[in-house]
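No hydrogens, no waters, no symmetry mates; every other heavy atom, side chains included, goes into these values.
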Amino acid sequence: MKKPILLLPLFLLALTLQAQITPRNLLAKAYPLDAVTQMLVAKDQWKPYPATPDAWKQAVPDTTLSRVVKDAEKLIDFKFEPIPASVSLDFVRSGDRLRHSGISFGKRNVLMKLILAESIEGKDRFTETILNGVWSICEESFWGVPAHINDTGLPDPDNPVVDLFAAETGALLGLADYFIGQKFDKINPQIRKRIYFETNRRFFVPMLTKGDTYKYMSKTSQVNNWNPWIMSNWIAATLLLEPDEKRRSEMLRGSMLGLDRYINSLGADGGCDEGPSYWFAAGASVYDCLELLAGATNSKIDIYQEDIIKKMASYVYKTHIDGHYFVNFADADPKLRPDGLLLYRLGKAVKDEKLVEMGKWAFQNFTAVSTSPEGFHRPRRIENLLTINQIDGGKISLTPVQEAWIGDIQVLTARAGDGLFLATHGGHNAESHNHNDVGDFIIYVKGQPMIVDAGRGNYTARTFSNKRYELWFTQSEYHNLPIVNGIGQKAGRKFEATAVKSNVNGKEASLQMDIAAAYPPEAGITSWKRLVALNRTKNQVEITEDYVLKSEPKSIQEIFMTVCDVDSSEPGKVKLKGAGNTSLTLSYDPKMWSVSTEKPSTDGMEYESFKTKWDNRPVTRIVLDSKQLKQNGKHRLVFDTKE
């Protein structure tokens, strides 16, 4: 079972950016309810997907169809187990969320595979197991996960909560009804009646009656990936299941108003402060919504050419490093196998040839990701199958973006010779999935990680509690940042970079900022001007810091995180050896600094989880301790691909 990565409990929503909201309201202004009602194709006429073996054969390659059926054959005798109360209580008792999600997500992944296989084959081999799966899910007490119901562990039957996975389940049952509904009717008419009853009770009614009370539907605070992810499932479930055309139009427009709130939350450059891996649940889910809306209205609902949508789409290639590595500030994972078929369609929709190219490249390199029926965003996965025949067979070489400045989230990416890549950012410490990391940077050489943001550990109850910043990987002390008087940065909107300025030209790509405000008063910092620069002439990354403290410090340290082998035996140099025979040397003044290294965690499960993220290479913390403790000072550290 694949472990989910795109989870954001309700607690963390309270920690997200309280930013200026831009009232674009693109969908609300362009499409009033009367217009939506007139545009919307009636339910009995809306046929978005193939529903017979012949239709599938015309739309999808035979090899793909055969694989889907073959994979499902192993699941014909699958037993859809109930979820015991004791398993639901794991989260509040021990903090564990994997035992519950293993059962819940497992059932839904199996059901989706069986549904597609039966629709493709049409021989009733899978129907009885599908029936059991649908009935089992309908009888669950809660369709979401216990982490999302305010630490009670068990759901309140009088107050159904719509979280990510309740929404996912509604769309899944809608797909079951669409593909297998006629077969259900031959077995017993109560099956489809139950599907609608449960989806209406758990999903439609809560969204209609109290949707505005959910934080992911806020009109005044920034919302994150929860919003478009849930809206996409609300749209899909509504279109597939709601028989009353008036109510169907009202719910569809309600989801459009909800989606506006995410688009309103985006900055002018369409940046995603959650990182690229979360973009596939955020920006990509916006596209899921728009694709469904277009399909259900004969393309009459269309905002693809709006500048903010184009910029939102471009974010994903602006943060690509090489291969499966992407910029991974905060909770984002460093390795991502991008969904090429989705990127291809999105690129076509917004008329971005760079995104189309990336989509083709990603599909060629990560085919299984795009064509697997397993995982979330299930309508997207069906659209992916229908896109395969659109991709030509020519070999694609992806041309990397040389530099990008995403000003609304203050992220800079840039490249130089020798395969040198730099990403750095300013920002603040209340971003979605925040780590205390204002001023952090990462360096890759020839596509291999050298100086890294370690990422996140496995999600537990502690990750999203008031103990979040007790975890080492969320602390600035374990990012590529200074520690002053033994004190690192703090969490909160006021802890931010100031005087941020980017400079990009043929000779240099740099980010200048003052990170003093990211530290609490007890750190004793008056100003700390940090310049992170990619010197393209010398193929170096240079870190220059000019600081003023309130008094002579007790200690100043510079931290660098790496997954390379570290050799600090030569004074003035820290030599890093990475995968693929890559190397990077940190040069420092040995009269000014002493060097030590350590492993940030030796806890079994956590230690192994970080090794897995970094291809079995442990994370090492390099510490430079200042020997010259002055109230005012300036120093320069250089990373070079040549020893």
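- Between F165 and F105, the ring centre distance stays below 6.0 Å.
- Using a cut-off of 4.0 Å between Lys/Arg side-chain N and Asp/Glu carboxylate O, R192 and D185 are scored as salt-bridged.
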*Criterion side chain to side chain contact (heavy atoms under 4.5 Å, CB included) on L385 and L116, from CA distance to verdict*: CA-CA 11 Å; L385 296 177; L116 287 177; 4.2 Å; yes

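- Taking NZ of K310 as the reference point, atom CG of L346 lies at 10.0 Å (rounded to 0.5 Å).
- Checked against side chain to side chain donor-acceptor pair (under 3.5 Å), E291 has the following partners two or more places apart in sequence or in another chain: Y287, R345.
- Listed for the Y214 side chain is a donor-acceptor partner under 3.5 Å among the backbone atoms of V162.
- The residues K113 and D71 are annotated as not salt-bridged, no charged nitrogen and carboxylate oxygen being separated by less than 4.0 angstrom.
- A donor-acceptor pair shorter than 3.5 Å cannot be found between the side chains of S221 and K215.
- Of the N and O atoms on the side chains of Y317 and E357, not one donor lies less than 3.5 Å from an acceptor on the other residue.
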*Give the C-alpha distance, both sets of side-chain angles, the deciding distance and a yes or no for side chain to side chain contact (heavy atoms under 4.5 Å, CB included) between L266 and R24.*
CA-CA 10 Å; L266 293 173; R24 300 179 178 96; 4.2 Å; yes

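- There is no side-chain donor-acceptor pair under 3.5 Å between T129 and N132.
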*Test V41 against T297 for side chain to side chain contact (heavy atoms under 4.5 Å, CB included), laying out the working first.*
CA-CA 6 Å; V41 177; T297 61; 5.9 Å; no

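- Only one option out of R378, R380, R381, R202 pairs with E168 in a salt bridge (charged side-chain N to carboxylate O under 4.0 Å, His left out); it is R378.
- In this structure, Y278 has its ring center at least 6.0 angstrom away from the ring center of F280.
- In this structure, the ring pair (Phe, Tyr, Trp, His ring centres under 6.0 Å) partners of F366, at least two apart in sequence or on a different chain, are W361.
- Evaluation of the side chain to side chain donor-acceptor pair (under 3.5 Å) rule for N200 yields R247 as partners, not counting sequence neighbours.
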_Would F376 and N109 count as a side chain to side chain contact (heavy atoms under 4.5 Å, CB included) here? Give the steps._
CA-CA 8 Å; F376 307 124; N109 283 331; 5.9 Å; no

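- A donor and an acceptor atom, one from each side chain of D273 and S432, are nowhere located under 3.5 Å apart.
- Salt-bridge formation is detected for the pair D212/R261: a Lys NZ or Arg NE/NH1/NH2 atom is positioned less than 4.0 Å from an Asp or Glu carboxylate oxygen.
- Residues H148 and W143 keep their aromatic ring centres 6.0 Å or farther apart.
- Rounded to the nearest 0.5 angstrom, S314 OG and I309 CD1 are separated by 11.5 Å.
- Salt bridge annotation for E73-K70: absent, with no cationic side-chain nitrogen under 4.0 angstrom from a carboxylate oxygen.
- A distance of 6.0 Å or more separates the ring centres of Y344 and F363.
- Atoms CG and CG, on N384 and L341 in that order, are 4.5 Å from each other to the nearest 0.5 Å.
- We find that D244 and R248 are not joined by a salt bridge, their nearest charged nitrogen and carboxylate oxygen being 4.0 Å or further apart.
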